[in-house]
Novice: 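Structure below; questions to follow.
Every chain is numbered from 1, with letters handed out A, B, ... down the list of sequences. All figures in this text were calculated on a predicted structure; none of them were measured in a lab.
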2 protein chains.
Amino acid sequence: MSNKGPPVFQLFTEIAIINQLAQAGFASVLPKGMTIAQFTVLNHFVRLGHDQQSPAQLASAFQITRPTVTSTLARMEKAGLVAIRPDPEDGRAKLVSVTAAGVKMRELCLQRLAGPLADADAVLSRETLAQLLPLLQDVRAKLDRLRD
Amino acid sequence: MSNKGPPVFQLFTEIAIINQLAQAGFASVLPKGMTIAQFTVLNHFVRLGHDQQSPAQLASAFQITRPTVTSTLARMEKAGLVAIRPDPEDGRAKLVSVTAAGVKMRELCLQRLAGPLADADAVLSRETLAQLLPLLQDVRAKLDRLRD
DNA sequence: TCCTTATAGTTCGATATCGAATTAAAATCA
DNA sequence: TGATTTTAATTCGATATCGAACTATAAGGA
């Protein structure tokens with residue numbers, strides 16, 4: 001009675017567990033009040049060099065719904081991490097940008113994440129990583145295409 | 001400005017995205033009121049042939065905290081999917097078991113999940129799956145050991 | 001035995017997330 | 001132009017999740 005189901009089910013099970021472990025580990029080192037969701041937003045802006053994006057674009061980038069984005073951005077705005085203003089070219093939309101405090105917060109988060117990241121890197125062989133990444137990118141691309 | 005960070009960071013990013021896509025896809029086909037968390041509990045009991053387990057054991061099995069288990073089990077009990085009784089051998093503990101309705105619900109969920117699972121299976125090559133599974137199991141085991 | 005520590009479960013307050021419904025504005029089309 | 005449809009954002013209610021604090025019971029040690 002230990003049938004783990006079809007391989008594709010096992011795949012998602014393993015991914016869910018790894019995700020759970022990783023998220024928990026990372027969340028535990030973030031500065032008080034910061035969350036992975038909020039760090040992800042900050043990192044997205046800085047990493048990709050985006051000056052500003054709409055909530056809808058963020059929702060699309062992270063594959064989450066717009067209500068979720070509204071909720072997280074509201075908290076980030078209150079914390080002074082992002083600025084939100086109306087889009088002058090579209091009365092429905094808003095434009096989000098990261099504040100100086102947001103940039104600084106991202107850097108602090110990166111410092112804190114460095115430890116757990118190094119720990120994980122240390123136990124995972126370079127070879128495993130090199131094999132895994134392209135495979136996962138392929139899976140993600142295919143699942144993404146499926147979502148229509 | 002499109003540095004995705006170190007490979008190990010990219011790994012967790014890909015996993016988070018795939019997890020997000022998979023969870024969303026699966027959740028959308030579950031019967032009204034059912035959730036992945038609740039299905040996971042039902043599936044755990046039936047699949048492993050456990051007659052009964054304590055909330056603490058469930059928390060450990062799923063790598064979630066006890067408050068989370070309390071919360072989810074309370075809803076499942078109200079829905080009649082599980083039965084919860086005091087552990088006669090330990091005054092602190094409780095024993096959880098799946099009801100007949102719970103077993104039936106699990107089967108219904110499995111039917112509903114079959115579609116999305118087949119879709120995913122169809123786009124992922126057998127080869128990719130065969131390569132990925134052992135690698136991910138290895139990663140999971142190593143991260144699990146790290147969590148101490 | 002009595003005190004201390006560890007464990008099981010709960011309660012509380014917070015964040016992230018969703019689907020459904022709502023409002024407002026843009027885009028399409030007849 | 002005027003009506004319809006689409007899109008952006010929000011609000012609402014719900015679930016899952018966590019950490020911190022709490023209660024109760026069990027286990028260990030002096």
Novice: Measure up the B:H50 and B:H44 rings against each other and bin them: parallel (under 30°), tilted (30 to 60°), perpendicular (over 60°).
Specialist: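 Ring orientation of B:H50 relative to B:H44: tilted.
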
Novice: Between B:G33 and A:A24, name the one whose nearest nucleotide on DNA chain D is closer to the 5' end.
Specialist: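 It is B:G33, whose closest nucleotide lies nearer the 5' terminus.
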
Novice: A:Q20 near the nucleic acid: base, sugar-phosphate alone, or nothing, with a heavy-atom cut-off under 4.0 Å?
Specialist: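 If one applies the 4.0 Å heavy-atom cut-off, A:Q20 turns out to touch the sugar-phosphate alone, with no base involved.
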
Novice: Check whether any side-chain nitrogen or oxygen of A:K94 sits under 4.0 Å from OP1 or OP2 of D:dT10, and answer yes or no.
Specialist: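 It does, given that an N or O in the side chain of A:K94 lies less than 4.0 Å from OP1 or OP2 of D:dT10.
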
Novice: Starting at the 5' end of DNA chain C, which residue's closest nucleotide do you reach first, B:Q57 or B:S28?
Specialist: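 This one resolves to B:Q57.
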
Novice: Shoot me the first and last contacting nucleotide of DNA chain C against chain A, ordered 5' to 3', at under 4.0 angstrom to non-hydrogen atoms.
Specialist: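 Contact boundaries, 5' end first: C:dT15 to C:dA26.
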
Novice: If you measure from CE on B:M105 to CG on B:N43, what distance do you get to the nearest 0.5 Å?
Specialist: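 One finds 13.5 Å between CE of B:M105 and CG of B:N43.
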
Novice: List in numerical order all residues of residues 62-93 of chain A for which some heavy atom is under 4.0 Å away from an atom belonging to DNA chain D.
Specialist: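 Of all residues in residues 62-93 of chain A, the ones placing a heavy atom under 4.0 Å from DNA chain D are A:R66, A:P67, A:T70, A:R92, A:A93.
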
Novice: So B:V82 and B:S97, do their side chains get closer than 4.5 Å, heavy atoms only?
Specialist: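 Side chain of B:S97 against side chain of B:V82, heavy atoms only: no contact under 4.5 Å found.
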
Novice: To the nearest Å, how far apart are A:L95 CG and D:dA9 C1'?
Specialist: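 From A:L95 CG to D:dA9 C1': 13 Å.
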
Novice: So what does A:S54 touch, heavy atoms closer than 4.0 Å: a base, only the sugar-phosphate, or nothing?
Specialist: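 Counting heavy atoms under 4.0 Å across all strands, the contact made by A:S54 is with sugar-phosphate only.
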
Novice: When you check the gap from the basic side-chain N to the acidic O, do A:R126 and A:D121 get nearer than 4.0 Å?
Specialist: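 Result for this pair is yes, salt bridge flagged.
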
Novice: If you measure only the distance, is there a donor-acceptor pair under 3.5 Å linking the side chains of A:S71 and A:T68?
Specialist: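 No donor-acceptor contact under 3.5 Å links the two side chains.
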
Novice: Over 60° means perpendicular and under 30° means parallel, so tell me whether B:F9 and A:F39 are parallel, tilted or perpendicular.
Specialist: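 Rings of B:F9 and A:F39: perpendicular, over 60°.
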
Novice: Roughly how far, to the nearest 0.5 Å, is CG of A:L81 from CD of A:Q38?
Specialist: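 Spacing of CD (A:Q38) from CG (A:L81) equals 6.5 Å.
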
Novice: To the closest 0.5 Å, what do you measure between CZ (A:R75) and OG1 (A:T70)?
Specialist: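 The OG1 atom of A:T70 is 11.0 Å from CZ of A:R75, to the nearest 0.5 Å.
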
